[in-house]
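Below: the structure, in structure tokens.
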Amino acid sequence: MSTVDNAHVVTASLLIQARLVAAERNASVLLGLQQVSGWLPGELMCRVGESFGYPVLDMRALQPLIPDFDAIGYTDCVQRGLLIARDTQADARTLLILSDPFDGAAEDWALRRCGKTGVQPRVTLAHPDDLSAYFAQQERLLRAMDGFEAEARATNDEEVAAVITLATINDDSSAVVKLVNSTIYDALKLQASDIHLECDAGCLHVLYRIDGVMVPITQVQGQDTAEQVISRVKVMAELDIAERRVPQDGRFKVRVNGRDIDFRVSVMPNIFGEDAVLRLLDRQSLTEEAKSLRLDNLGLDVHTISAIRKLASKPHGMLLVTGPTGSGKTTTLYGAITEIHTGRDKIITIEDPVEYRLPRVLQIPVNEKKGLTFARGLRSILRHDPDKIMVGEIRDNDTAQIAVQAALTGHLVFTTVHANNVFDVLGRFLHMGVDAYSFAAALNGIVAQRLLRINCPQCAVVVSPSDDELEMAGLVRSALKGWIFKAGRGCGHCRGVGYKGRKAVAEVLVLDDVLREMIAGQAPISALKERAALAGLRPLTDAALQWVARGDTTLEEMARVAG
């Protein structure tokens with residue numbers, strides 16, 4: 001037997017032994033195999049791949065792959081010598097690429113991470129040198145993007161507080177900066193609307209608001225660390241870090257993987273220090289969504305959509321949308337404006353801030369530091385020959401008065417106001433000093449809406465509600481023929497909460513002459529409710545119960561949102 005044949009036999013034996021002890025070893029034996037066999041690195045990986053039954057990718061095959069650093073971060077990939085990537089040439093198939101096939105622990109860890117997102121990748125191999133070269137190429141791309149972003153930032157009127165990528169997070173020398181940046185990065189990845197930093201006795205709690213519900217993320221021990229994190233947020237928002245006794249508000253912008261993200265910051269003192277809330281606004285994502293933003297895409301039922309469209313098509317008057325913060329009021333108005341925007345009318349909006357960017361619509365951001373308030377901006381808008389106006393929010397007496405006058409002088413006014421239901425809006429405007437007769441004459445209709453969390457489609461199962469739950473919802477079991485009650489059990493797809501995504505439910509009050517006379521005469525709310533029911537008002541709870549009957553949400557969620 002020749003020397004080469006002996007080497008092949010020894011190598012095959014080593015492969016078998018290595019596979020048997022893979023669960024107990026974490027060190028690669030590739031170098032030892034190469035020394036024994038005399039094979040070139042590429043040939044060695046092919047032999048190992050044949051033994052494991054895994055395809056082997058060379059550098060040419062790695063080039064067209066798109067890395068998924070959201071699934072497994074760049075730093076973890078480099079440290080563990082593996083990669084999650086999508087093969088664009090094979091129906092976007094997901095691959096798990098290993099550089100050390102004998103590191104069973106790393107392979108199991110990666111498969112568990114992918115399993116939480118519902119992805120089952122195909123396991124492949126690549127030589128460590130090829131994978132290292134691929135990582136170096138990706139790092140150069142990330143750094144080149146950072147350089148491009150820095151150049152673009154120099155010409156931007158609003159300064160970017162930080163550029164956050166996986167590479168920059170890994171390179172941050174400060175533990176506090178790394179914590180803040182990684183918290184922002186993860187919040188965007190989980191599609192959170194707000195980040196809450198809450199100081200407690202000796203620790204900092206980090207929570208995200210996801211689908212309207214607070215979700216605890218982590219705890220950071222140490223009072224000093226908590227204070228330093230809040231100070232870092234203050235620096236980014238250009239607030240006074242020495243002032244800890246009064247509330248402060250600010251804003252800043254960061255660039256995350258090429259996307260400009262705006263943050264509105266509220267810092268509030270408490271007995272243990274200070275709390276901070278960061279509200280996220282991804283302008284680029286919202287602009288992309290605006291291209292297909294219509295009332296049909298909001299989840300509203302056919303009856304509600306038809307009523308809103310009727311109100312939005314009026315030549316003049318006022319359409320009010322009400323609801324608590326984060327209930328999708330502005331999105332509904334944008335959906336209505338998008339549908340009626342034909343290019344034949346002059347549409348102007350004034351908002352704080354401008355959320356969706358609409359083509360050929362003049363959108364004005366409120367800037368209170370420069371004296372541009374809703375009231376002042378609205379006065380100027382009326383001199384700009386508009387046909388339709390959107391006022392982001394009625395906050396004060398002046399704005400309410402001007403908006404009503406605009407609706408009475410031939411303009412169609414879309415606006416929002418904070419109230420619990422369509423009838424509370426009436427008292428809100430009267431409390432702001434608006435004349436009841438003028439308000440009734442200007443008002444076309446009111447939409448009160450909420451956002452309901454929807455059962456996760458991956459883990460929702462049929463359930464049977466208890467008699468107490470039915471009684472609290474005002475339901476009788478004998479009258480529930482055809483109802484399908486479902487609830488999510490919790491899975492990786494929904495992060496264990498049982499819900500995935502939200503849809504809008506609403507009640508719409510369309511005013512007729514009788515209702516206008518009653519409002520002008522300041523009739524009791526009970527009388528207004530009776531007349532509204534005769535006019536076809538369907539309460540918000542009835543709209544929510546339709547989602548429950550179809551198994552799209554739960555009685556618990558309906559009670560939480562719609563009462």
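- Note that CG of Leu188 and CD1 of Ile261 are 5.0 Å apart. Values are rounded to the nearest 0.5 Å.
- Closest non-hydrogen pair, Glu243 versus Arg245, comes out as OE2-N, 2.9 Å.
- Side-chain atoms of Asp262 do not come within 3.5 Å of backbone N or O of Lys253 as any donor-acceptor pair.
- Contact record, Asp240 with Lys234: O-NZ, 3.5 Å, taken as the closest heavy-atom pair.
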Check your understanding: Going through the checks in order, is the side chain to side chain contact (heavy atoms under 4.5 Å, CB included) test met by Leu320 and Thr415?
Key -> CA-CA 5 Å; Leu320 278 169; Thr415 188; 3.1 Å; yes
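- Using a 4.5 Å heavy-atom cutoff, the side chains of Leu412 and Leu319 are not in contact.
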**Study point:** side chain to side chain contact (heavy atoms under 4.5 Å, CB included) assessment of Leu207 paired with Glu198
**Key:** CA-CA 8 Å; Leu207 305 94; Glu198 300 179 353; 3.6 Å; yes
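- No donor-acceptor pair closer than 3.5 Å links the side chain of Ser306 to the backbone N or O of Val302.
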Exercise for review: Begin with the C-alpha distance, continue with both residues' side-chain angles, and end with the deciding distance and a verdict on side chain to side chain contact (heavy atoms under 4.5 Å, CB included) for Ile402 and Leu382.
Suggested key: CA-CA 9 Å; Ile402 301 168; Leu382 293 176; 3.8 Å; yes
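- In this structure, CG in Leu540 is found 9.0 Å from CG in Asn421, a value given to the nearest 0.5 Å.
- For the pair Asp352 and Arg395, the salt-bridge criterion is met [side-chain N within less than 4.0 Å of a carboxylate O].
- Counting heavy-atom neighbours within 6.0 Å of Lys178 NZ, excluding the residue itself, gives a total above 12.
- In this structure, Arg279 pairs ionically with Asp194, as a charged nitrogen and a carboxylate oxygen lie closer than 4.0 Å.
- Nearest heavy-atom pair across Phe423 and Ala532 is CZ-CB, 3.8 Å.
- For the atom pair CD1 (Ile347) and CD1 (Ile337), the distance works out to 6.0 Å, reported to the nearest 0.5 Å.
- Looking at Arg428, its side chain does come within 3.5 Å of a backbone N or O of His418 through a donor-acceptor pair.
- At least one donor-acceptor pair closer than 3.5 Å links the side chain of Thr553 to the backbone N or O of Arg453.
- Using a 4.5 Å cut-off on side-chain heavy atoms (C-beta onward), Ile217 and Asp186 make no contact.
- Of the inter-residue distances, the one linking Lys388 atom NZ with His411 atom NE2 reads 10.5 Å to the nearest 0.5 angstrom.
- Side-chain contact check for Leu515 versus Leu528: some heavy-atom pair is nearer than 4.5 Å.
- Side-chain N or O atoms of Thr332 include one that pairs as donor or acceptor with a backbone N or O of Gly328 at under 3.5 Å.
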Practice item. Take Asp275 and His196 through the side chain to side chain contact (heavy atoms under 4.5 Å, CB included) test and state the conclusion after the steps. Key: CA-CA 8 Å; Asp275 286 7; His196 289 247; over 6 Å; no
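- When the shell of 6.0 Å around CZ of Arg309 is examined, it contains more than 12 heavy atoms from other residues, nucleotides or ligands.
- A side-chain donor-acceptor contact under 3.5 Å links Asn455 to the backbone of Gly551.
- Closest non-hydrogen pair, Glu339 versus Asp296, comes out as OE2-N, 4.2 Å.
- Atom NZ of Lys189 has more than 12 neighbouring heavy atoms from other residues, nucleotides or ligands inside a 6.0 Å radius.
- Counting heavy atoms from C-beta on, the side chains of Leu295 and Thr304 never come closer than 4.5 Å.
- Using a 4.5 Å heavy-atom threshold, the side chains of Arg538 and Gln546 count as touching.
- Looking at Phe414 and Val321, their side chains never come closer than 4.5 Å, going by heavy atoms from C-beta outward.
- Formation of a donor-acceptor pair under 3.5 Å by the Gln458 side chain with backbone atoms of Cys494 is not found in this model.
- Checking side-chain atoms of Ser193 against main-chain N and O of Arg209 turns up a donor-acceptor pair under 3.5 Å.
- Summarising the geometry of Leu475 relative to Leu555, their closest heavy-atom pair is CD1-CD2, 4.0 Å, with the distance given to 0.1 Å.
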Exercise for review: Go through the steps for Tyr499 and Thr554 under the test side chain to side chain donor-acceptor pair (under 3.5 Å), then give the verdict.
Suggested key: CA-CA 10 Å; Tyr499 300 96; Thr554 63; 2.7 Å; yes
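- Heavy atoms from other residues, nucleotides or ligands lying under 6.0 Å from CD of Gln223 number more than 12.
- Formation of a donor-acceptor pair under 3.5 Å by the Lys486 side chain with backbone atoms of Arg550 is not found in this model.
- Using a 4.5 Å heavy-atom threshold, the side chains of Val180 and Met236 count as touching.
- Under a 3.5 Å cut-off, the side chain of Arg516 and the backbone N or O of Leu443 do form a donor-acceptor pair.
- At most 12 heavy atoms of other shown residues, nucleotides or ligands fall within 6.0 angstrom of atom CZ in Arg376.
- The closest side-chain heavy-atom distance from Leu298 to Tyr334 is not below 4.5 Å.
- Residue Gly317 comes nearest to Asn444 through the heavy atom pair CA-ND2, 3.4 Å, listed as atom of the first residue, atom of the second, then distance.
- The closest side-chain donor-acceptor pair between Thr330 and Glu351, if any, does not fall under 3.5 angstrom.
- Within 6.0 Å of CG on Asn270 lie more than 12 heavy atoms contributed by other residues, nucleotides or ligands.
- Of the inter-residue distances, the one linking Arg477 atom CZ with Glu469 atom CD reads 9.5 Å to the nearest 0.5 angstrom.
- In this structure, Thr322 OG1 and Glu393 CD are separated by 10.0 Å, a value rounded to the nearest 0.5 Å.
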